[in-house]
Amino acid sequence: MTTIQKKICLLGDFGVGKTSLIQRFVEGRFDDKYLSTVGVKISRKPLKRSYGELNLLIWDLAGSNGFTSSLSENYMQGAAGAVVVCDLTRLNTLTAFQKYAKQIRSRNPKVQLVFVCNKADLMEERTVSDTDVATTLSELNESMFFVTSAKTGERVEDAFIHLAEKLERECK
């Protein structure tokens, strides 16, 4: 039985729901108490695969609107993949997609990325349209994104499994 271990980072501005997405995926739960991540928190999620097990080491990096910290960039070192997150209720978090993608790609040009638009459960407060996301991603030569809700669990697992499959294809 083979075990593969991959480091992935969650990137996004302050308050987009990175920690909540990880809690939903790793622990299957949602906590509406907001606690800001300081530095980095690492979680592990083992996935049963046909060849054995894929261990995802998920690095929850503290978000910020400036995100120029060299310490945060160092946390990205060695990442095979990343989930880049925006908040559907805050248009300014979408513009950060490019910033985070460029930042992690400068550390690892072959990094696999998945783009997530979180807080789908807040539809009445939504300010980011699918067209806005598609336009932003086209500038990164990307097209696929997931609209998720850490609160309800909507498409959270889909996004992480999609990244896992991209990482597995990279290993072949």
Side-chain angles (χ1 to χ4, degrees), residues 2-13 16-27 37 40-64 67 69-88 93-120 128 130 132-150 153-172:
T2 302
T3 299
I4 297 172
Q5 189 160 278
K6 295 290 182 177
K7 174 182 176 179
I8 64 171
C9 296
L10 259 76
L11 306 173
D13 281 349
V16 296
K18 297 179 300 294
T19 301
S20 294
L21 287 165
I22 293 169
Q23 281 182 337
R24 173 61 71 182
F25 179 61
V26 173
E27 303 169 21
T37 302
V40 66
K41 180 180 186 272
I42 303 169
S43 301
R44 184 176 75 85
K45 175 71 174 186
L47 300 174
K48 299 284 186 223
R49 311 307 281 170
S50 61
Y51 55 81
E53 190 169 82
L54 173 63
N55 278 324
L56 295 180
L57 296 177
I58 305 170
W59 289 51
D60 182 3
L61 303 184
S64 75
F67 203 78
S69 164
S70 60
L71 182 60
S72 294
E73 287 183 9
N74 288 335
Y75 288 145
M76 294 179 199
Q77 196 70 34
V83 177
V84 185
V85 185
C86 79
D87 177 342
L88 288 169
T93 65
L94 177 60
T95 59
F97 266 6
Q98 294 174 336
K99 175 177 57 179
Y100 292 106
K102 288 176 185 175
Q103 196 166 35
I104 195 161
R105 283 182 174 151
S106 74
R107 290 282 180 202
N108 180 359
K110 294 183 180 183
V111 70
Q112 300 297 313
L113 300 178
V114 169
F115 296 90
V116 167
C117 303
N118 194 36
K119 302 188 183 180
V128 177
D130 287 354
D132 294 332
V133 178
T135 300
T136 299
L137 291 180
S138 70
E139 295 173 20
L140 293 168
N141 294 320
E142 299 279 350
S143 60
M144 186 166 188
F145 62 94
F146 292 85
V147 175
T148 66
S149 169
E154 178 185 341
R155 305 238 33 224
V156 173
E157 187 161 333
D158 294 342
F160 281 95
I161 296 301
H162 181 72
L163 180 56
E165 290 168 351
K166 287 176 81 168
L167 294 172
E168 288 171 328
R169 283 192 297 273
E170 186 73 18
C171 290
K172 291 180 181 179

Closest non-hydrogen atom pair, Ala164 against Leu54: CB-CD2, 3.6 Å
Considering non-hydrogen atoms only, spot the tightest contact between Leu167 and Ala80 and give its length.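 So the minimum-distance heavy-atom pair works out to CD2-O, 3.3 Å.
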Side-chain heavy-atom pair [X], [Y] within 4.5 angstrom cut-off:
X: Phe97; Y: Glu142; result: no
X: Met76; Y: Asn108; result: no
X: Pro46; Y: Arg44; result: yes

So does Asp13 get a backbone contact from the side chain of Lys18, meaning a donor-acceptor N/O pair under 3.5 Å?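 Yes, Lys18 side chain to Asp13 backbone: donor-acceptor pair under 3.5 Å.
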Rounded distance [0.5 Å steps], [atom1] in [X] versus [atom2] in [Y]:
X: Leu11; Y: Trp59; atom1: CG; atom2: CH2; result: 12.5 Å
X: Lys6; Y: Leu56; atom1: NZ; atom2: CG; result: 10.5 Å
X: Ile4; Y: Glu53; atom1: CD1; atom2: CD; result: 10.5 Å
X: Ile8; Y: Ile22; atom1: CD1; atom2: CD1; result: 7.5 Å

For the pair Asp87 and Lys119, find out whether any cationic side-chain nitrogen is under 4.0 Å from an anionic carboxylate oxygen.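 Here Asp87 pairs with Lys119 in a salt bridge, since their nearest N and O are under 4.0 Å apart.
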Classify the angle between the aromatic ring planes of Phe160 and Phe25 as parallel (below 30°), tilted (30 to 60°) or perpendicular (above 60°).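 Correct class here is parallel.
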Using residues 132-140 as the side-chain source, report each donor-acceptor pair under 3.5 Å to any protein atom, sequence neighbours left out, with the distance given to one decimal.
residue: Asp132; atom: OD1; partner: Ser129; partner atom: OG; Å: 3.4
residue: Asp132; atom: OD2; partner: Ser129; partner atom: N; Å: 3.0
residue: Asp132; atom: OD2; partner: Ser129; partner atom: OG; Å: 3.2
residue: Thr135; atom: OG1; partner: Thr131; partner atom: O; Å: 2.9
residue: Thr136; atom: OG1; partner: Asp132; partner atom: O; Å: 3.0
residue: Ser138; atom: OG; partner: Thr135; partner atom: O; Å: 2.7
residue: Glu139; atom: OE1; partner: Gln98; partner atom: NE2; Å: 2.5

Can you check whether Phe115 and Phe146 have ring centres sitting under 6.0 Å from each other? no
Go through Asp130 and Phe145 one step at a time and tell me if the side-chain contact (heavy atoms from CB on, under 4.5 Å) criterion holds. CA-CA 9 Å; Asp130 287 354; Phe145 62 94; 3.9 Å; yes
Answer yes if the side chains of Asp60 and Thr19 hold a donor-acceptor pair under 3.5 Å, and no otherwise. yes
Using the rule given for side chain to side chain donor-acceptor pair (under 3.5 Å), can you reason through Thr148 versus Asn118, listing the C-alpha separation, both sets of side-chain angles and the distance that settles it, and then say yes or no? CA-CA 5 Å; Thr148 66; Asn118 194 36; 3.0 Å; yes
